[in-house]
2 protein chains.
Amino acid sequence: MDDDRWEAPRVLLAVDLVILTLRGSRLHVLLIERGVEPFRGALALPGGFLRDQEEDIVAAAHRELFEEAGLADVPHLEPLGVYGEPGRDPRGRVVSVAYLAIAPRLPEPVAGTDAAEASWRPVEHAMSSNVELAFDHRRILADGVERARVKLEHSALATAFCGETFTISELQQVYEAVWGVRLDPRNFYRKVQSARGFIVAAGSMRRTEGGRPARMFKAGPVQAIYPPMVRSAQAVAEGSDGRKDGRTAQTMPEGGANP
Amino acid sequence: MDDDRWEAPRVLLAVDLVILTLRGSRLHVLLIERGVEPFRGALALPGGFLRDQEEDIVAAAHRELFEEAGLADVPHLEPLGVYGEPGRDPRGRVVSVAYLAIAPRLPEPVAGTDAAEASWRPVEHAMSSNVELAFDHRRILADGVERARVKLEHSALATAFCGETFTISELQQVYEAVWGVRLDPRNFYRKVQSARGFIVAAGSMRRTEGGRPARMFKAGPVQAIYPPMVRSAQAVAEGSDGRKDGRTAQTMPEGGANP
DNA sequence: GAGACTTCCTGTCAGACTGACAAGAAGCTA
DNA sequence: TAGCTTCTTGTCAGTCTGACAGGAAGTCTC
């Protein structure tokens, strides 16, 4: 850091948001249709500039989410990466901080400021090559999805996709949707039960959808689950989208910035 | 993103660097003693502001590393996080992008611009409570160290701590130093050999330090190793420094227990 | 109310992986 | 050559994983 008598340049600071949810057992991402230039009419991740010098970055993210898509109460925004390549935005030097959030059935978004429309799109569709995303948002989205996959292995994140209480098979659907694989229900059952503190029984409530009623669980106290859930070598190598390049340079896999 | 007729605020953009290396089988971090206000005289991570509007962020990181500590050719800078809380810097709204790098025996640093001194410090010393680090650098450092620990599990990062060729026991020392645990050489040997593509034999060269000469290896082609190296539950829970609060200091309360 | 059907849950079994440890291999030193 | 060091190859029991059988407990249809 830290020079003093010389004048350091200033940049525009933006936030971009990768909001993932599950709808009908498929992974969806929140996209808006841009209502202003540049990239007017193109799809984009929600986001925007800081409102003023004093605004906290995470606060700005929440604000944009509400302004552009009408979503409040999105639980936890996790820092995903920084995208600040010169030239990524025609309006000047814009450095964007990306956040990732994952939540249970979120409501339909409502388009607001600068957004002609806001909606949930299946991730595979949004990442397919015939959809144009504004700026470098395709990359940010890909990074966010990959991050979600990795986090599912070690953290209790998957429960964030579910409601407050859930059945084990609902939890399994989360893993299947995010990882893009099929899992054996019986082995999955054993696995999640043996990870201490991952999930805990929630009373004797039951919920049913045709078959034998399932026991309800809720998220356990543990953040980092042990032993970890492990994707097969194949799943790791392939992902479920088309990326073949292994890791990306820009993301920051864990931890980071918000207070 | 994306407002147009209204004027978005601009912020100062800085980079901060967590550079880790191994010296005498202990993990060390590069710190400078600040030669200018604020925090003059305090220890800090190397870093600084963008030079101009057009400078790439990673390029700025490399430049600062060279200017402040005389280090060039630090291999790969990995994005670590963004630290932009209002008030973290008395000079105004400063948003800092932190990078992590890990390298084999780097040379002694040479203090340069703004740095009264630059040196390698044992990580446990730098993070101990009686050392004052400037700004929020204690947190950034803690995040960087934890990141390194996690990366060792899944990526071939450990080889980056070694020279171009190395013995398996040298590689083991890397894991022991970063994770802060002792490992069984025989099991470690089996483990790294069975992870396909992690390390490959490097000719028939040998190096010796008293006992039977060891075979030399070099980093394999694989970035993500499978099966992963797994820290024991205990190691994960404790870390190796003085932290007693589990692993969440910087992993942050993520989604899971967030009903 | 008797199947038929669905989903949930408990087991079993072989193979893979892990931690602990024995012992040989191959250098150096005295 | 004996003794010491470190590297390397094995062994063995316990645990974890993937594949799969089958019973439990509801709903649906007739």
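Naming convention: chains lettered A, B, ... in sequence-line order (proteins, then strands); numbering from 1 in each chain.
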Given side-chain contact (heavy atoms from CB on, under 4.5 Å), test A:Thr159 with A:Leu171 step by step and report yes or no. CA-CA 7 Å; A:Thr159 57; A:Leu171 191 63; 4.2 Å; yes
Position toward the 5' end of DNA chain C (nearest nucleotide), B:Pro213 or A:Pro185: A:Pro185
Please state how far atom CE in A:Met229 lies from atom P in D:dC16, giving the value in whole angstrom units. 14 Å
Ignoring the backbone of B:Lys191, work out which of C:dG27, D:dA19, C:dT18 is nearest its side chain. C:dT18
Could you tell me how far apart A:Leu171 (CG) and C:dC9 (P) are, to the nearest whole angstrom? 12 Å
Side chain of A:Asn187 only, heavy atoms from C-beta on: which candidate in D:dG22, C:dC21, D:dG18 is closest? D:dG18
Out of C:dT18, D:dC7, D:dG18, which has the shortest distance to the side chain of B:Arg212? D:dC7
Whether B:Arg182 contacts C:dG19 is assessed here as follows: a side-chain N or O lying under 4.0 Å from the phosphate OP1 or OP2. Is that the case? no
Look at the side chain of B:Arg190 and decide which nucleotide, out of D:dT11, D:dA25, D:dA21, has an atom nearest to it. D:dT11
Minimal heavy-atom distance between B:Lys218 and B:Glu164, with the atoms involved, is CB-O, 3.5 Å
Under the ring pair (Phe, Tyr, Trp, His ring centres under 6.0 Å) criterion, do A:His28 and A:His125 qualify, and how do the steps go? CA-CA 9 Å; A:His28 284 63; A:His125 174 250; 9.9 Å; no
Closest approach to the side chain of A:Ser169, judged atom by atom: which nucleotide of C:dA25, C:dC8, C:dG27 is it? C:dC8
Candidates D:dG26, D:dG10, D:dC7 - which lies nearest the side chain of B:Ala214: D:dC7
To the nearest Å, give me how far apart CZ (A:Phe188) and C1' (D:dC16) are. 16 Å
Without decimals, in angstroms, what is the distance between B:Glu170 CD and D:dT6 C1'? 13 Å
Atom-pair distance (CG on A:Leu183; C1' on D:dC20), nearest Å: 16 Å
So, is A:Tyr189 close to the C:dC8 phosphate, meaning a side-chain N or O under 4.0 Å from OP1 or OP2? no
Looking only at heavy atoms, the pair that brings B:Leu71 and B:Pro107 closest together is CD2-CG, 3.7 Å
Return the nearest nucleotide to the side chain of B:Gln193; candidates are D:dT9, C:dT12, C:dA26. D:dT9
Derivation and outcome, ring pair (Phe, Tyr, Trp, His ring centres under 6.0 Å), residues B:Phe166 and B:Phe217: CA-CA 5 Å; B:Phe166 48 86; B:Phe217 292 83; 7.1 Å; no
Length of the line joining B:Phe166:CZ and D:dT6:P, which is rounded to integer Å: 20 Å
Mapping A:Ile168 and A:Gly211 onto DNA chain C by nearest heavy atom, which one lands closer to the 5' end? A:Gly211
Toward the 5' end of DNA chain D, which comes first, B:Gly210 or A:Ser194, by nearest nucleotide? B:Gly210
Under-4.0 Å side-chain N/O to phosphate OP1/OP2 contact, A:Arg186 with D:dG23: no
Which nucleotide in the set C:dC21, D:dT8, D:dA21 lies at the smallest distance from any side-chain heavy atom of B:Asp184? C:dC21
